J.: 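Right, I'll just put the structure down here and ask away after.
First listed ligand is number 1; within each ligand, the first listed atom is number 1. This chain uses plain numbering: 1 for the first residue, then up along the sequence. Everything quoted here is computed from the prediction, not taken from an experiment.
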Amino acid sequence: MKRDAEQFGMETQLTRLGRDPQDQYGFVNTPVYRGSTVIFKTVDDLENSRARFAYGTLGTPTIESLESAWSAIAGAAGTVISPSGLGAVGLALLTTLKSGDHLLMPDSVYRPTRVFCADLLAKFGVEIEYYNPEIAAGIEQLIRANTSTIFLESPGSQSFEIQDVPAITRIAKARGLKTIIDNTWATPIFFRAHDHGCDLSIEAGTKYLGGHSDLLMGLVSANTETWPELRKTYDSLAMLPGAEDCFLALRGLRTMHLRLEAAQHRGIEIASWLAQQPEVMQVLHPALPSCPGHELWKRDFNGSTGLFSMILKPQFDKPAVAAMLDNMAIFGMGYSWGGFESLIIPFDCSEYRTVTRWEPGGLALRLQIGLEDTEDLKRDLRAGLDRLVNDVRARHPEFAPVSCGQVVY
Ligand SMILES: *Cc1c(COP(=O)(O)O)cnc(C)c1O
C-alpha cells in the first residue's frame with residue numbers, strides 16, 4: 001500500500017496504512033508477531049541474509065507495519081520506533097551528535113530532554129547551549145564551528161512558545177547542520193515537520209497515537225538524507241518496542257484524526273471560556289489570537305490539540321491552587337496527556353530555565369482536555385475556581401467581591 005500517500009487523503013490513509021488483509025488470511029488487522037529467531041530455508045539464504053525478516057531485533061511484520069504507516073503520515077523516508085517518547089528523543093540526538101559537537105537546545109524544551117542532555121550527552125563531550133525559543137533567524141549568531149545540531153520543540157513544553165521553524169531550518173540547511181524537532185503536541189497531522197525542513201521529527205506516541213493512557217511509545221521519522229544514519233543508530237542500540245504495543249499503536253492510528261479533531265474543538269472551547277473567567281490572567285493556547293506566537297501558529301500549523309496552559313491572577317497563591325486542584329470532580333492530576341480523560345497540573349518553568357526568564361506574573365496550570373462533555377468540564381473548572389477564590393478570601397478578606405454577584409479583582 002506504498003502508493004496510498006500519493007492517491008488518498010490523510011483520513012483514508014489512516015484507515016489503510018500498515019495492514020494488508022491479503023497477507024493475513026483476509027483478516028483486517030496486522031496481527032501481533034512475537035519473535036526472536038527467524039528460520040532460513042537454505043545455507044545460501046542464511047549466509048546471504050536472504051529473507052524478508054532475519055532476526056527479531058531487526059524488525060517484525062508488526063513493527064514494520066507501524067514504521068511504514070508512520071512514514072507515510074509524516075511524509076518521511078523512514079521511521080523507527082522506541083519504547084518511549086524520551087527514548088525517541090535520545091535516539092534522535094545520538095543519531096546526529098558525536099563527541100565534541102555543539103548542540104543548540106530551546107530553553108522551553110521538555111524537561112526530561114534537558115536531563116538527557118545534562119546526564120548523558122555531557123558525559124560524551126557534547127557541548128549543550130540553550131537558546132531562547134523565540135530567537136527565529138537570530139539562531140545564526142549562536143552557531144559555532146563545532147555546532148552540528150539544532151533541536152526544536154514547538155510549542156514549548158508547558159509554556160507554549162511557537163518557534164519560527166522555517167527560519168531556523170533554512171539557516172541550518174545553509175550551514176550544513178541537522179535539525180531535530182519534538183513534534184509531539186501537533187503530531188504530523190497538524191504540523192508537517194519534514195515539509196518545514198526538519199531532518200528528524202520525534203513523536204511521543206504515548207500521547208495522541210496511543211490516545212488511551214495505556215501505551216508508552218516513541219517514533220522518530222527522518223527525511224531522505226538523514227534516514228540511513230537514523231536506521232544505523234537504531235540497529236546499533238536495538239531498543240525495540242514490544243509487539244503488543246505496536247499493535248495498540250496501529251489501532252490508535254485508525255482514529256487518531258477523529259480524536260485530534262475532538263481535542264482541537266474541545267481545547268479551543270475550554271481555553272476561550274477560561275480566558276473569560278475573572279480569576280484567569282492569560283490563557284496560553286496557540287490558536288487563541290491573544291497567545292504570543294499565534295501568528296506563527298496560523299502560518300505554519302494545520303490545527304491545534306487539547307493541551308494548553310493558563311496563568312492565574314497574582315493574588316492566587318499555592319495554598320489556593322491546592323484547594324482548587326485537590327477537589328476536582330473530573331480533571332485528574334497527572335503528567336502524560338493525549339488520552340480520553342481531562343487533566344490539570346500546576347507547573348513552574350522557572351525551576352529549570354537557564355537563558356530565558358519565566359515570569360508570567362501568576363501561578364501556572366497546564367490542562368489537557370479529554371473527551372468528556374465540555375459543559376461538565378466547565379462546571380468542574382468553575383467550581384475549582386470558586387474554591388480558589390474562597391480559599392484566598394478566607395485568608396485575605398480584602399479580596400471580597402466589590403460588585404453585585406460578579407467577582408471583580
Ligand atoms: C510526553 C513527552 C515526551 C516523552 O514521552 P514518554 O513516552 O512519556 O517518554 C517527549 N516530548 C514531549 C513533548 C512530551 O510531551
J.: Measure the distance from atom 1 (C) of ligand 1 to every protein heavy atom, then report the residue, atom name and distance (to 0.1 Å) of the closest one.
T.: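 Ranking protein heavy atoms by distance from atom 1 (C) of ligand 1, first comes Lys207 NZ, 1.4 Å.
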
J.: If I take atom CZ from residue Phe340 and atom CG from residue Leu371, how far apart are they, to the nearest 0.5 angstrom?
T.: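 Here the rounded value is 8.5 Å.
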
J.: Looking only at side-chain N and O atoms, does Ser159 offer a donor or acceptor that is under 3.5 Å from a partner on Ser108?
T.: no

J.: Parallel, tilted or perpendicular: which one describes the rings of His285 and Trp185, with boundaries at 30° and 60°?
T.: perpendicular

J.: Would you say ligand 1 has an N or O under 3.5 Å from any N or O of Ser336?
T.: no

J.: Using 0.5 Å steps for rounding, measure from the OG atom of Ser342 to the CD1 atom of Ile270.
T.: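 Answer rounded to 0.5 Å: 7.5 Å.
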
J.: Ignoring angles and geometry beyond distance, decide whether Ser157 reaches within less than 3.5 Å of ligand 1 through its nitrogen or oxygen atoms.
T.: no

J.: Ignoring hydrogens and geometry beyond distance, is a side-chain donor-acceptor pair present between Arg353 and Thr356 at under 3.5 Å?
T.: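 There is such a pair (donor and acceptor under 3.5 Å, judged by atom type) between the side chains of Arg353 and Thr356.
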
J.: Near Thr206, which atoms of ligand 1 are under 4.0 Å from a heavy atom of that residue?
T.: 6 (P), 7 (O)

J.: Check whether Gln368 reaches the backbone of Ile344 with its side chain - one donor and one acceptor, N or O, closer than 3.5 Å.
T.: no

J.: Identify, for atom 8 (O) of ligand 1, the protein heavy atom at the shortest distance, and state residue, atom and that distance.
T.: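 Heavy-atom neighbour on the protein nearest atom 8 (O) of ligand 1: Tyr110 OH, 4.0 Å.
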
J.: Below 4.0 angstrom from a heavy atom of Trp337, which ligand 1 atoms are there? Numbered from 1 as shown, please.
T.: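 So the answer, numbered in order with elements, is 15 (O).
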
J.: Can you confirm, on distance only, whether ligand 1 has an N/O atom lying under 3.5 Å from any N/O atom belonging to Gly85?
T.: yes

J.: Any nitrogen or oxygen of Leu86, side chain or backbone, less than 3.5 Å from one on ligand 1?
T.: yes

J.: Taking heavy atoms and a distance under 4.0 Å, where does Trp185 meet ligand 1: side chain, backbone, both or neither?
T.: neither

J.: Can you tell me which residue and heavy atom of the protein come closest to atom 12 (C) of ligand 1, and the distance to 0.1 Å?
T.: Asp182 OD2, 3.4 Å

J.: If you draw the axis of the six-membered ring of Tyr335, does the NZ or CZ of Lys207 fall within 45° of it and under 6.0 Å from the ring centre?
T.: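 No, Lys207 and Tyr335 do not form such a contact.
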
